[in-house]
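Working notes, structure below.
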Amino acid sequence: KEEVLTLTPNPATRDLLEHMADLKIENLWDRFEKQQPQCGYGLRNLCCRMCQWGPCRITAKARRGICGRDENAIVMANILRALVAGLAAHWRHAHEVILSIIAAAEGRANLPIKGETRVWELVDKLGLNCSRDNLKEAALKVAFVLLEDLGRLTWQPLRLLEAYAPEDRKEIWRRLGVLPRSGAYEVLEALHMTTLGGCTDWKEMAVQELRSALAYCYATLFTSSLATEILFGIPEPKLARVNYGVLKADHVNILLHGHSPVMVEKVLEKLNTPEIKELVHKVGAKGIVVGGMCCTGDELLARYGIPTVTNIMGQELALGTGAVDAVIVDMQCVIPGLKIVADCFGTQIITTCPSNRIPGAVHIPFDPERPETLDKDALQVARLAIEAYARRDRNKIFIPSSTTQALVGWSLEAILERFGGEDKIARLLKEGTIKGLATVVGCNTPKVPYEHSHVTITRKLIEGDILVTTTGCCSHALLNAGLCDPEAANLAGPGLKRVCRELGIPPVLAVGGCVDNTRTLRLFFTVAQATGAPLAQMPLAFVGPEPGNEKTVGQGVSFLTHGISNFIGFPGPLPVPLPSLREEATSIDDLDRGSTEVTDFFAGEDLKELLGAKIFTEPYPELAAQAIKMHIKRQRWSLGWK
Ligand code: NFS
């Protein structure tokens, strides 16, 4: 906590941590301290809980679990299960949005289909037979193809993978036998493989890891991102203000939190109705402030410029302002601590997804298969949120003053249009005005100083003329730090600064929520194709400095399968080399690398040989930035670019 206070880049975070400490309200950093020392075996992925003979752990004395599983199989099974748990999360998100398209197209839900261009792009790419004058029919056909990619159980390549993946990669995946069937199938198969008496060969589980990562990427990330664009449109650049300071003491402050933006889109509509405006007046507020958190926040920021406040680890701090009247949450990354802090301030928590219930919260579910009540329910959610203002305890309010400007809404189309096409980006890269493209993404973790790595690495990369894209919780760190403001061009190296100034763009492009990492991937595909270089040779990097959620494993491995090396900041679920194994080991520093063979596979030459990319782990952000810049340089040399 001490380190957080000194190193976190956002002064508002420090102020709120102190404010909560004064009020004696616990948050996740306090609980993290109480958990120390964390289990060394767990940290190394060396414990197995996949049957009821266990739990087993690998020590210097006991090199195998009771069933005979060795450390390689245990570590690999743990990593595989983490990846498919993340897959299941994005799967559920995609499922909700796709069913919403179906309800909208069939006229059962009062939802729009604003992303006409995306519908026709998919119709063409999937080779569907549709009449051009019936958008709803076309959207319906597209939705059923996406739905099939989510759940097909017999062999057929993923339609979205066939439609979007670069040809040279498809060939490699085919050769390796890692083409997936569907999102659901690969989750089930991974769980099946790793159960007691299942697969003992860690290498086969590693193959399933790659296959699941492709399902994760094309059957859940692509589907969620494209389906949301079909419903609500493709984001365009716009200015916005972000950070805790957007909250206003004399307004009703409502935070929207989670991942799937369907219900909250409706709530936003209702907040603009005369009925709700009258209610605002009645409760004595001057107006409404709507703020976003986590990926739902990213979506709304990109589409409408709705201010974002913070990310997964700042959610308790946001409520710690005492100024939040209601939080409307949908699915994922809503930590139980949110409700604990909410109860200290009387904040109304409204859950809208049946998968994400919270004891004591009001539950008004959105079910895309029963969408008839959506309008009525959204109005009820809006009403409850406004009414909460009357109950607010005005003595505990503390809103840090910081707000930051950002230029957001960087869909793939918006980026290409601003640059004047992919050929322009390719030329800037080849001539070295821009040295490389990196995506800095992912969650936060209390294991490193909050947001410090995200911001430090990104600053160093842009200084080195590397253009950065960002999503998810990392993007909140970079937004709040001012790196997504066109003024941040001043912090960039000479080449990138010139480009940013000419185009009026920031050196860090916030492209959306975590599922919109597909926007970055498609940018990488398009630019690589324009340069004529294979993806695996391009000066590209995937950077995840503060991994936290199981969902991050699939993000990294998805980029790996495309030949884009990963730079992760902390072991997380992947094993890294550490000092010697001791029997009495209780902390991470005391323990051996979890599994030498698995580590060597992901971080060594074997994977590089197969996919053209590997995983680098470096917890110190300055060193990580150097490693990324070195990697970009090496890639450029290999292409003969200066
Ligand atoms: Ni991504 Fe969105 Fe954040 Fe991590 Fe959670 S909000 S999907 S998982 S914590 S970046």
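In listed order, ligands and their atoms are each counted from 1. Hydrogens, waters and symmetry mates are skipped; everything else that's a heavy atom, side chains included, is used. Numbers for residues simply follow the sequence, beginning at 1.
- Salt bridge status for Lys34 with Asp30: absent, with no side-chain N to carboxylate O gap under 4.0 Å.
- Under the 3.5 Å distance criterion, with hydrogens and angles disregarded, no donor-acceptor pair is assigned to the side chains of Ser402 and Tyr244.
- When only modelled atom types and interatomic distance are considered, Lys551 and His259 share a side-chain donor-acceptor pair under 3.5 Å.
- Residue contact check: Gly442 has heavy atoms under 4.0 Å from atoms 10 (S) of ligand 1.
- A tilted orientation is assigned to the rings of His93 and His90, their planes being inclined by 30° to 60°.
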Next on the checklist: Assess the residue pair Tyr218 and His562 against the criterion (ring pair (Phe, Tyr, Trp, His ring centres under 6.0 Å)); give the C-alpha distance rounded to whole Å, side-chain angles, the decisive distance to 0.1 Å, and a yes or no.
Outcome noted: CA-CA 12 Å; Tyr218 289 98; His562 289 84; 5.7 Å; yes

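- Around atom 2 (Fe) of ligand 1, the protein N, O or S atoms found under 2.8 Å comprise His259 NE2, Cys295 SG.
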Next on the checklist: Show, in sequence, the C-alpha distance, side-chain angles and deciding distance for Glu622 and Lys460, and conclude whether the salt bridge (charged side-chain N to carboxylate O under 4.0 Å, His left out) test is met.
Outcome noted: CA-CA 8 Å; Glu622 287 82 5; Lys460 298 264 174 228; over 6 Å; no

